[in-house]
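Here the structure comes first, spelled out in structure tokens, and everything after it is commentary.
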Amino acid sequence: MTAVMEGIRILEVAEHTFVPAASAVLADWGADVIKIEHVERGDAMRGLAQTGLMDLADGKVHALLEHSNRGKRSLALDLTSAEGLDILYKLAATSDVFLTNKLPKVRAKLSVDVDDIRAHNPKIIYVGGTGFGSKGPDADSGGYDILGYWCRSGLAMGGTSPDSARLQGMPAPAYGDSIGAMTIAGGIAAALLHRERTGQAPTVDVSLLGTGMWAGGAAIALSAQSGSAWRPPGSTGRSLQNPLTRSYQTKDQKWLFMSCLQGFHYWPELCRVIKRPDLVTDERFSTAQALRDNAPEAASILDEIFASATLAGWSDRLSDFKGQWTPVLDSVEIISDEQVTANGYMIESETKDGTRFPLVATPVQFDGQPSPTRRAPEFNEHGDDILTGELGLDWETVVELKVKGIVA
């Protein structure tokens, strides 16, 4: 893979997933990322013991930490001290990007706001990630992706049926964080290009709320025109109009999903695949309007037919079907999916002790190759090397800083 970010240094003062996952992407693309961690506890993610229904117990690879911190170097630093800030500023002077998810009021309190950092490097790209945006009444409100990306943006309501007893949750941990991180990574790449061409270093601001609204942008735009809130198709009293745009359960309790927007165009061929040529001339489905008017009946017939064979059987029979469809996979099945394997969408990393584990590759490939990855750093793993090698401090000074609690 072409390491498109090779030679770029990123200085990160952030924790959890939303912002750290952005620099993890750039690390996979070749950037040198120095992660500043709390001098005593490190990134709060290191102490997370459970997510949803899955334990992150001792003996297991901390997958969430690895997902968002792959390939970085770690320095534990006390940013509430003048000496700690001095070290941060010296690192900022040699960096291309400063990346943080501290709230605006915290940035000011810690003296790591844009003016503070640019006083030591006027050409640095300053990047801030927030829950709800850097302006407005909620600028200083903390927010995880379930709040900013999912609930406030309209996505949660857009995915919840009106007859549901509870709000639809996100389909995966760090779901909005990871999508937001790719947004930040793209913003950083654009800002670096702008600086190269003009000499001017812009600031970059990305929020979970804004990212969630962009993800639901088509629905929001439609709602702005109609005045009606988006709801899942079929849950608002509208009858089915295209039987080739829905899910079907197979004999082994798995699912496939068809998305043939030109339903009647693909109807004859589907009838061939399911070995029901009689349905082509059936007057209920013999014209585009007839199929539309009788879509629920057609879907009922397809329900019964698809339930007669396994997903593997249907995958084989549908292999030459010209219409658009896919098997529906869960988070275990997708790991070994042949399409995933062929494209290198899963990659392997290795812990410091040699334990190998899989991670999802960053979704952008350069020159047809998946981005390689490296493990996340252990707490303060590179602290001494950064202090002595990068900043040129002598060992006696480093020891003094450790005694004072400025560095770990």
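The model shown is predicted, which means the values in this text are computed figures rather than measured ones.
In this structure, the side chain of Gln365 engages the main chain of Asn343 through a donor-acceptor pair within 3.5 Å. With hydrogens and angles disregarded, a donor-acceptor distance shorter than 3.5 Å links the side chain of Ser153 to the backbone of Tyr149.
A parallel orientation is assigned to the rings of His120 and Tyr89, their planes being inclined by less than 30° (bins at 30° and 60°). Note: Tyr126 and Phe98 have parallel aromatic rings, judged against thresholds of 30 and 60 degrees for the angle between ring planes.
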- Task: For side-chain hydrogen bond (donor to acceptor under 3.5 Å, both in side chains), just list the numbers for Asn380 and Ser74, CA-CA rounded to whole Å, side-chain angles, deciding distance to a tenth of an Å, and then say yes or no.
- Result: CA-CA 5 Å; Asn380 196 49; Ser74 170; 5.2 Å; no

- Given Gln324 and Tyr266, is the side-chain hydrogen bond (donor to acceptor under 3.5 Å, both in side chains) satisfied, shown in steps? CA-CA 9 Å; Gln324 299 76 41; Tyr266 294 105; 3.2 Å; yes

- Trp29 vs Phe366, ring pair (Phe, Tyr, Trp, His ring centres under 6.0 Å): CA-CA, chis, key distance, verdict: CA-CA 9 Å; Trp29 294 354; Phe366 302 99; 5.2 Å; yes

- Message: The test is side chain to side chain contact (heavy atoms under 4.5 Å, CB included); show your working for Val112 and Leu85 and say whether it passes.
- Response: CA-CA 8 Å; Val112 297; Leu85 269 181; 4.0 Å; yes

- Message: Between Ser111 and Asp116, does the side-chain hydrogen bond (donor to acceptor under 3.5 Å, both in side chains) criterion hold? Intermediate values first, please.
- Response: CA-CA 6 Å; Ser111 298; Asp116 302 309; 4.8 Å; no

- Query: Taking it one step at a time, do Ile36 and Leu79 satisfy side chain to side chain contact (heavy atoms under 4.5 Å, CB included)?
  - Reply: CA-CA 9 Å; Ile36 303 300; Leu79 294 182; 4.3 Å; yes

- Trace of the side chain to side chain contact (heavy atoms under 4.5 Å, CB included) decision for Asn242 with Arg292: CA-CA 6 Å; Asn242 183 351; Arg292 179 185 178 95; over 6 Å; no

- Message: Assess the residue pair Phe306 and Trp314 against the criterion (ring pair (Phe, Tyr, Trp, His ring centres under 6.0 Å)); give the C-alpha distance rounded to whole Å, side-chain angles, the decisive distance to 0.1 Å, and a yes or no.
- Response: CA-CA 8 Å; Phe306 282 119; Trp314 283 116; 4.7 Å; yes

- side-chain hydrogen bond (donor to acceptor under 3.5 Å, both in side chains) between Gln253 and Gln249, intermediate numbers included: CA-CA 6 Å; Gln253 307 303 304; Gln249 192 170 34; 3.3 Å; yes

- Query: Checking side chain to side chain contact (heavy atoms under 4.5 Å, CB included) for the pair Arg118/Asp115: CA distance, chi angles, key distance, verdict?
  - Reply: CA-CA 5 Å; Arg118 283 192 170 163; Asp115 291 338; 5.6 Å; no

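Under the 4.0 Å criterion applied to side-chain N and carboxylate O atoms, Arg9 and Asp96 are not assigned as salt-bridge partners. A salt bridge is absent between Arg375 and Glu348; no separation between the charged side-chain nitrogens and carboxylate oxygens falls under 4.0 Å. Glu37 has a carboxylate O that lies under 4.0 Å from a charged side-chain N of Arg46, or vice versa, which qualifies the two as a salt bridge. Salt-bridge check for Arg246 with Asp303: passed, with a basic side-chain N closer than 4.0 Å to an acidic carboxylate O. A salt bridge links Lys254 with Glu333; the closest basic N to acidic carboxylate O contact falls under 4.0 Å.
Under the side-chain hydrogen bond (donor to acceptor under 3.5 Å, both in side chains) test applied with Glu15, the options Arg41, Lys35, His38 reduce to a single match, Arg41. The side-chain contact (heavy atoms from CB on, under 4.5 Å) test with Asp177 singles out one residue from Thr17, Thr211, Ile146, and that residue is Thr17. Of the residues listed (Arg73, Lys72, Lys102), the one engaging Glu12 in a salt bridge (Lys or Arg N to Asp or Glu O under 4.0 Å) is Lys72, and it is the only one. Under the side-chain contact (heavy atoms from CB on, under 4.5 Å) rule, Val97 has a single partner from Val33, Leu192, Leu11, which is Leu192.
Between the side chains of Asp28 and Thr362, no donor N or O sits under 3.5 Å from an acceptor N or O. The closest side-chain donor-acceptor pair between His67 and Ser178 falls under 3.5 angstrom. Side chain to side chain, Asp394 and Thr397 meet the donor-acceptor criterion of an N or O pair below 3.5 Å.
Interatomic distance, OG of Ser95 versus CD1 of Ile124, reported as 5.0 Å (0.5 Å rounding). The CG atom of Leu329 sits 11.0 Å away from atom CG of Leu256, with the distance rounded to the nearest 0.5 Å.
A centroid separation of less than 6.0 Å is found between the aromatic rings of Trp267 and Phe285.
Arg356 CZ: more than 12 foreign heavy atoms inside a 6.0 Å radius.
The side-chain heavy atoms of Lys123 and Gln200, taken from C-beta on, include no pair separated by under 4.5 Å.
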